[in-house]
Colleague: 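First the structure, which I've put down as structure tokens, then a few questions once you've had a look.
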Amino acid sequence: MSQPASHYFVPQPSHWPIFGSGALLLMATGAVLWMNKLAAGPYLLSAGFFVLLTMLFGWFANVIGESEGGSYGKNVDVSFRWGMSWFIFSEVMFFAAFFGALFYIRVLSVPDLAEGLSGEFLYQGFSAAWPSAGPGFKGEFSPMGAWGLPAINTALLLTSGVTLTWAHHALIKNNRLHLNLGLAATILLGFLFLFLQVEEYVHAYGELNLKLTTGGYGSTFFMLTGFHGFHVTLGAVMLCVILARCLKGHFKPDHHFGFEGVAWYWHFVDVVWLLLFVLVYWL
Amino acid sequence: MAHEHAIGGHAGHDDHEHHGPPSGIMRWITTTNHKDIGSMYLWFSFIMFLVGGAMALVIRAELFQPGLQVVSPDFFNQMITLHALIMVFGAIMPAFVGFSNWMIPLQIGAPDMAFARMNNWSFWILPVASFLLILSMFVPGGAPGTGWTLYPPLSVQQGMGMDLAIFGIHLLGMSSIMGGINIITTILNMRAPGMTLMKMPMFCWTWLITAFLLIASMPVLAGAVTMLLTDRHFGTTFFNAAGGGDPVLFQHIFWFFGHPEVYIIALPAFGVISQVIPAFSRKPIFGYASMVYAIAAIAIISFFVWAHHMYVTGIPLTGQLYFMYATMIIAVPTGVKVFNWVATMWKGSLSFETPMLFALGFLFLFTLGGFSGLVLAITAVDILLQETYYVIAHFHYVMVAGAVFSAYAGAYYWLPKWTGYMYDETLGKWHFWLTLIFFNMTFFVQHFLGLAGMPRRVPDYALQFTEFNMISSIGAFGLGISQLLFLYIVLKARKSGKKVDAQVWDGAEGLEWTVPSPAPYHTFETPPVFEGGKH
């Protein structure tokens with residue numbers, strides 16, 4: 001645990017965090033008002049989002065400036081690695097809550113409703129076969145099959161993991177052309193994935209009668225794939241920023257944690273998708 | 001500001017060294033200094049402690065005698081909910097995060113926290129989140145009346161106050177996760193040369209593991225309240241049997257967060273006690289390694305005991321038995337810790353200044369709270385005591401006599417280091433004894449109320465519970481007023497306290513006592529070489 005002789009970089013006072021807090025205040029109150037159908041809601045929410053964007057631009061500009069200016073030594077780099085790892089771990093636990101809900105509904109609560117007293121008196125004739133929208137659901141729906149769009153999407157995301165690794169190797173070998181090409185390919189595959197996810201949702205709502213309100217199956221399907229899609233969107237935006245930085249000549253073969261952090265995030269989103277494909281679409 | 005440092009090397013750093021902080025309010029809003037941020041956390045938590053305490057007094061005023069006299073049942077329920085949320089997330093957790101901000105860099109010889117700007121944000125999210133919680137009282141329908149556990153279906157039926165609480169909890173979670181990442185990274189990456197993990201002060205060990213618990217459990221709570229939100233507004237059926245969901249599912253997810261949360265509060269308290277008892281026994285802590293393993297064991301087991309909060313929800317008998325035994329196993333590492341604290345004092349050269357008094361108060365009363373926890377862990381007993389005042393008595397022994405006593409022990413112990421002035425020892429002792437007596441007056445009798453069957457979260461009660469409730473209410477007001485004495489003691493120390501040296505307590509060990517008192521604005525900019533390690 002020996003530290004290099006140089007100082008650990010401690011930033012100057014910054015006004016960006018308070019912008020962030022203001023943004024969160026506006027967005028939270030805006031969302032609450034909107035959900036309760038009060039007119040000011042969407043305005044507050046958008047204003048908050050705008051402040052949040054300003055904060056993100058300003059804060060990251062700060063960080064990028066410090067990084068390119070050489071303020072971040074080896075030890076700061078190690079801090080970033082720990083920080084990003086634990087952040088991804090927190091995201092894993094967030095998804096775990098929703099996978100846990102899927103497990104519980106599918107394995108415990110739906111069978112329970114069809115058995116015993118509740119099956120005999122409350123919900124006669126309710127069968128526990130998964131996929132299920134629960135005993136109170138009126139109407140028909142079809143589940144999302146695994147081997148259409150979802151299988152194609154799996155291939156897209158796995159390929160994007162490969163192209164990203166290609167870009168990373170190119171960065172280490174200082175081959176800037178392949179770096180940029182690999183990143184651009186990754187971004188393209190990411191947005192293609194998102195486009196197909198939207199197509200899938202349109203298909204679900206339009207033809208399968210599968211909606212967010214379609215009981216336990218619909219709730220878990222849309223919340224899990226929806227949060228995943230949201231994370232892919234964030235990851236793709238982050239990759240775009242990294243590509244822009246690469247085009248400006250940022251990152252060196254031995255100093256590029258900004259790139260690596262985003263790559264870790266992308267691979268994390270990839271792994272979540274594999275779990276989704278197996279547990280939500282396939283089995 | 002972005003470009004000042006772009007010149008290279010350590011320009012930004014040197015700037016920092018030669019100029020003081022910006023003046024006025026902007027110092028506190030923009031600060032990246034761990035001591036400033038630590039102080040803000042501590043002040044914020046004390047203010048929230050008073051706010052949450054005032055809510056508790058509303059509850060105790062209503063319960064002074066049977067019948068409904070002070071507030072409406074609906075408002076009573078809102079006070080129950082907000083008192084708990086504000087005390088847990090607004091008072092106790094920020095208090096220990098404040099200690100961690102102040103002390104971890106000083107104890108490991110680091111110049112600041114690993115992510116100093118993010119540290120600022122972690123703090124400044126808290127006032128926003130607390131504002132949302134308090135705002136919920138003033139919207140149509142009022143604050144959530146569900147209790148802090150927010151169980152559906154009641155929480156799905158509440159008004160927009162519930163939405164404000166849900167977003168408030170999201171923000172508190174964000175703040176905690178960022179704080180946790182910051183603390184864990186600081187401890188893992190910024191220790192002074194020579195300070196191996198097993199030579200680290202015990203307070204840092206407890207926070208290292210607490211930070212892990214925060215990062216692992218807060219996102220799960222975020223998931224739970226998100227499902228609540230979509231069930232409320234977007235037609236999902238996670239907690240609705242008609243759609244194949246189950247209200248009990250919420251309890252599972254909530255307590256998967258909720259039980260580690262108990263140790264998020266308790267472990268830093270253990271850490272403070274593990275600093276204070278050796279200092280006033282003038283002996284190193286007994287069984288350092290076993291203390292570390294005990295903390296780790298408690299933290300890991302805490303993820304596998306959640307359903308002991310749910311014995312009466314109809315979980316299978318095998319499940320009840322498993323959760324009963326798993327819960328009791330936690331008493332083993334906790335017992336190791338209590339044994340080690342006692343063994344540290346054994347043949348020590350003891351003195352009883354205020355921090356030590358609070359630490360001893362902690363030791364006796366927290367152990368009592370642990371024992372009543374063991375009683376509640378027994379499924380057959382818990383079925384009778386579930387939702388009674390016995391549970392209230394149990395967790396207030398853990399939360400108040402555990403966490404709050406420990407926070408006071410830490411505050412008196414480190415206050416001279418923070419301010420450079422000694423507090424008034426006589427008044428400190430008064431504060432301790434008043435707190436101790438009124439605390440027991442408030443909560444000890446609640447054991448009897450619970451055993452006699454008085455239900456919690458109800459504003460009215462049967463006549464036979466009157467005497468004990470009156471004693472409890474008088475104790476609560478005494479307890480509340482005694483806490484104002486602490487504010488006076490702190491202000492008096494800063495105004496007219498005796499100046500202290502770097503080594504405030506003759507038995508205290510650690511790098512924090514090698515820097516002057518008050519600790520200068522910047523410390524350990526060049527890492528010290530750590531040669532300690534009696535362990």
Side-chain angles (χ1 to χ4, degrees), chain A residues 1-3 6-18 20-21 24-25 28-29 31-32 35-36 61-62 65-66 68-71 75 78-79 82-83 86-87 89-91 93-94 96-98 100-101 104-105 108-110 113 132-137 212-213 215-216 218-219 223, chain B residues 1-3 5-10 12-13 16 22 29-32 111-112 114-117 120-121 124-125 128 132 160 163-164 167 171 177 181 184-185 188-191 193 196 215-216 219-220 222-224 227 230 233-238 241-246 249 252-253 525 527:
Chain A
M1 209 60 290
S2 69
Q3 295 190 331
S6 63
H7 294 296
Y8 189 92
F9 176 77
V10 178
Q12 292 280 325
S14 168
H15 54 270
W16 292 120
I18 201 73
S21 294
L24 291 176
L25 176 64
T29 41
V32 170
M35 283 173 195
N36 289 280
N62 246 7
E66 285 161 7
E68 290 299 306
S71 294
N75 218 353
V78 176
S79 283
W82 277 120
W86 287 108
F87 170 64
F89 175 63
S90 79
E91 294 270 50
M93 294 306 292
F94 181 76
F98 286 90
Y104 187 93
I105 290 174
L108 297 170
S109 71
V110 165
L113 288 167
S132 166
F137 182 73
L212 184 61
T213 50
S219 302
M223 291 298 277
Chain B
M1 196 178 284
H3 311 292
H5 323 306
I7 310 151
H10 307 291
H13 181 87
H16 219 67
I29 289 177
T30 63
T31 184
T32 49
D112 207 296
F115 307 110
R117 254 185 309 239
N120 175 306
W121 202 23
W124 279 107
I125 288 175
V128 174
L132 292 177
M160 76 189 270
D163 299 320
L164 286 167
F167 281 103
L171 297 193
I177 291 166
I181 290 173
I184 217 166
T185 305
L188 288 174
N189 189 38
M190 295 177 69
R191 296 191 310 281
T196 58
I215 301 168
V220 178
M227 292 178 214
T230 57
H233 291 292
F234 302 107
T236 59
T237 56
F238 288 104
D246 188 350
L249 169 59
H252 280 289
I253 306 175
E525 289 178 287

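Lettering follows sequence order; numbering is per chain, from 1.
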Colleague: What option among A:Gly218, A:Gly100, A:Gly136 has the most heavy-atom pairs under 4.5 Å with chain B?
Modeller: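 Maximum pair count with chain B is reached by A:Gly136.
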Colleague: Are the side chain of A:Trp82 and the backbone of B:Thr185 linked by a donor-acceptor contact shorter than 3.5 Å?
Modeller: no
Colleague: Between A:Ser79 and B:Asn189, which heavy-atom pair has the shortest distance, and what is it?
Modeller: OG-ND2, 2.8 Å
Colleague: Would you mind reporting whether A:His15 and B:Ile29 have side-chain heavy atoms less than 4.5 Å apart?
Modeller: no
Colleague: Are A:Val32 and B:Met160 packed together at the side-chain level, in the sense that at least one heavy-atom pair is separated by less than 4.5 angstrom?
Modeller: yes
Colleague: Can you see whether B:Asp246 engages A:Tyr104 through a side-chain donor-acceptor pair at a distance of less than 3.5 angstrom?
Modeller: yes
Colleague: Looking at every heavy atom in both A:Ala31 and B:Phe167, which two are closest together, and how far apart are they?
Modeller: CB-CZ, 3.7 Å
Colleague: Got a second to check how far A:Asn36's CG is from B:Leu164's CG, nearest 0.5 Å?
Modeller: 8.0 Å
Colleague: Heavy-atom distances under 4.5 Å only: say whether A:Leu25 touches chain B with side chain, backbone, both or neither.
Modeller: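 It is both, since atoms from each part get that close.
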Colleague: Please check this pair: side chain of A:Ser109 against backbone of B:Gly244, looking for a donor-acceptor N/O pair closer than 3.5 Å.
Modeller: yes
Colleague: Side-chain contact, heavy-atom cut-off 4.5 Å: B:Pro111 with A:Val10?
Modeller: yes
Colleague: Between B:Gly245 and A:Ile105, what is the shortest heavy-atom contact and its length?
Modeller: CA-CG1, 4.3 Å
Colleague: Which bit of A:Met35 is near chain B, if near means a heavy-atom gap under 4.5 Å: side chain, backbone, both or neither?
Modeller: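 When you check distances to chain B, atoms from both the backbone and side chain of A:Met35 fall under 4.5 Å.
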Colleague: Identify which part of A:Ala133 has an atom lying under 4.5 Å from any heavy atom of chain B, answering side chain, backbone, both or neither.
Modeller: backbone
Colleague: Looking only at heavy atoms, what is the nearest atom pair of A:Met93 and B:Ile215, with distance?
Modeller: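 Result for this residue pair: CG-O, 4.3 Å.
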Colleague: For B:Trp124 and A:Leu24, what are the C-alpha separation, side-chain angles and deciding distance, and is it a side-chain contact (heavy atoms from CB on, under 4.5 Å)?
Modeller: CA-CA 11 Å; B:Trp124 279 107; A:Leu24 291 176; over 6 Å; no
Colleague: On a heavy-atom basis, which atom in A:Pro135 and which in B:Ala241 lie closest, and how many Å separate them?
Modeller: CD-O, 3.3 Å
Colleague: Among A:Phe137, A:Phe94, A:Phe89, which residue has the highest count of heavy-atom pairs closer than 4.5 Å to chain B?
Modeller: A:Phe94
Colleague: B:Leu132 versus chain A, heavy atoms under 4.5 Å apart: side chain, backbone, both or neither?
Modeller: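 Side chain only.
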Colleague: Is the backbone of B:Thr30 close enough, under 3.5 Å, to the side chain of A:Ser14 for a donor and an acceptor to pair up by distance?
Modeller: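 No; judged by distance alone, with no hydrogens or angles, the pair does not exist.
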Colleague: To check you understand the geometry: which heavy-atom pair defines the closest contact between A:Thr213 and B:Phe234, and what is its length?
Modeller: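 Looking at all heavy atoms of both residues, the closest pair is CG2-O, 3.7 Å.
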Colleague: Measuring heavy-atom distances to chain A, does B:Leu171 have an atom under 4.5 Å in its side chain, in its backbone, in both, or in neither?
Modeller: side chain
Colleague: With a 3.5 Å distance limit and no angle check, can you tell me whether A:Ser219 reaches the backbone of B:Thr237 through a side-chain donor-acceptor pair?
Modeller: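 Yes.
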Colleague: Can you find a heavy atom in the side chain of B:Met190 that is under 4.5 Å from one in the side chain of A:Tyr8?
Modeller: yes
Colleague: Name the option with the most non-hydrogen atom pairs under 4.5 Å to chain A; the candidates are B:Ile177, B:Leu249, B:Ile181, B:Asp163.
Modeller: B:Leu249
